[in-house]
2 protein chains.
Amino acid sequence: MTNSAADRAYAEVRGLILSGDASPGTPLREEALADIVGVSRTPIREALRRLEAELYAVRTPSGRLVVAAWDVDDVAEMFALRAMLEGHAAARAATRMTPADLGELKACNTRIERAIAAPEPDIAGFLAGNRQFHDLIIKASASARLATMLSGLVEQPIVRRTATRYDRSDLERSAHEHGQLMQAISARDGEWARSVMTAHIRRALHAFRAASPSK
Amino acid sequence: MTNSAADRAYAEVRGLILSGDASPGTPLREEALADIVGVSRTPIREALRRLEAELYAVRTPSGRLVVAAWDVDDVAEMFALRAMLEGHAAARAATRMTPADLGELKACNTRIERAIAAPEPDIAGFLAGNRQFHDLIIKASASARLATMLSGLVEQPIVRRTATRYDRSDLERSAHEHGQLMQAISARDGEWARSVMTAHIRRALHAFRAASPSK
DNA sequence: CTGGGCGCTATTGTATACAAAAGATGCTGG
DNA sequence: CCAGCATCTTTTGTATACAATAGCGCCCAG
């Protein structure tokens, strides 16, 4: 809880962008945001730099920031990068995970299975579990750099929109792939784990594509 | 040249870290750095946030920043990530490059060949050309996200230290691999280009390992 | 001599004031 | 009526002032 104002500013401005309240091209003016969030320009500036680094915002030639426009190709590229990087994380995790870590992973996937087993699947529960599952893998990969790179790449809102269109068989397939991944990790087979993770995320990419408006 | 003070601060502090003047574990105190660079704390803070995001600095539990310690494994991980990401960039570039881009690439590699052909190889010229060559590929990949991720991963000093140990055959091999890459791109074969680039960087990794003290 | 608590200091987080630069607006001359 | 320019406004960049907090050392009691 070191710099709460800046963190709050980051979360709020990011929320504005992802919710669509600030649509692509909207200028992100520091003073206006400071008024909205209720802090001074200093933490706002810090938040904006982070958002710029994560490409949520882009700079006009003269240094003004505007909300970035992500088209389908941009999002596809994000999925492709995530697939590579999380695949790498899975490969590393396979040779580094302790039995205790693996148990935690198993418990997490059990929660996911319970969330989707109900008559009316619990999408929020699925998403929370899914995120935790992936975070456990990343953590077990023991690469701070990988974790940093992935943090700006795992934007729930798009995953969320995709997931709300999942039917039960999609959800079950996802949990099943998690099971495969745990098998690969149990076997300490990094390349198997990489392949499963890559496939897992690339499937999500195509689910997204299928659900997206044009193209 | 929008915010020159912050950029200067970034460059100077980064220089302190990479030159070894600020050794791992050294605290990075804002006021002290402000005095050194000759600007106020505000741009220094901005520079430090960037350095933190790129893992040149890490935060102690209580929010203080210290120079990060990179061991051999960290550097190896950076090479591995670079190999994946630049491989991806090469694959994208292969289907996107215009003949003009390719011509520029060829000219660049010709300069590299000239630099290493001299009786006493021009290492600085090699490094400058090499960097430009890789930047051209990244640019042609037309992925802002990829460019952003790679920018924090291409730290000359380590590459430089490795390159100073190259003998002529290493340098020639590097230029030759660039030639292969251009062939793959000319053929518009993304997977070929990816493989060549990945191999190119992984060879550099092993050159680094061979040159590094322990392990 | 040692351990714990208390207060001081060093350092970062946040707010605000000031400077510079880019954009917009309106005026004037053609 | 339009082009060009001057000025005024808006917005960002930088400096500084103030607040909060964590670390450190010192002193005292046992």
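These figures come from a predicted structure and were not determined experimentally. All chains are named by letter (A, B, ...) in the order of the sequence lines, taking the proteins before the strands, and each is independently numbered beginning at 1.
Closest to the Thr42(B) side chain, of the nucleotides dA15(D), dT12(D), dT11(C), is dA15(D). Each of dA15(D), dT11(D), dT14(D) was ranked by its minimum atom distance to the side chain of Ala5(B); first place goes to dT14(D). With distances taken from any side-chain atom of Ser40(B) to the nucleotides dG13(D), dA15(D), dT14(C), the minimum falls on dA15(D).
For the 3.5 Å distance criterion, the side chains of Ser4(B) and Asp7(B) fail to qualify, holding no donor opposite an acceptor.
For the pair Glu31(B) CD and dA17(D) P, the computed distance is 11 Å after rounding to whole Å. Glu52(A) has its CD atom 9 Å from the P atom of dG13(D), to the nearest Å. Distance, Arg41(B) CZ to dT12(C) P: 7 Å, rounded to whole Å. Residue Arg59(B) contributes atom CZ, which lies 16 Å from atom P of dT21(D) at whole-angstrom precision. Between the C1' atom of dT14(D) and the CZ atom of Arg45(A) lies a distance of 8 Å, rounded to the nearest Å. Note: CZ (Arg29(B)) to P (dA10(C)) measures 10 Å, nearest angstrom. Rounded to whole Å, atom C1' of dA15(D) lies 14 Å from atom CZ of Arg8(B). Across the protein-nucleic acid pair, Glu30(B) atom CD and dT12(C) atom P stand 5 Å apart, rounded to whole Å.
The backbone N or O of Gly20(A) sits nowhere less than 3.5 Å from a side-chain atom of Ser23(A) that would complete a donor-acceptor pair. Side chain of Asp101(B) to main chain of Thr98(B): a donor-acceptor pair is present (N/O by atom type, distance under 3.5 Å, no hydrogens or angles). A distance-only check finds a donor-acceptor pair linking the side chain of Arg92(B) to the backbone of Ala142(B) [under 3.5 Å].
Note on Ser62(B): every side-chain N or O is 4.0 Å or more away from OP1 and OP2 of dT11(C).
Interface remark: the Arg64(A) side chain does not form any donor-acceptor pair with the dG23(C) base, using a distance-only criterion of under 3.5 Å.
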Carefully, step by step, assess His88(B) and Ser141(B) under the rule side chain to side chain contact (heavy atoms under 4.5 Å, CB included). CA-CA 8 Å; His88(B) 185 67; Ser141(B) 75; over 6 Å; no
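Leu28(A) comes within contact range of the sugar-phosphate backbone alone, with a heavy-atom separation under 4.0 Å but no base atom that close.
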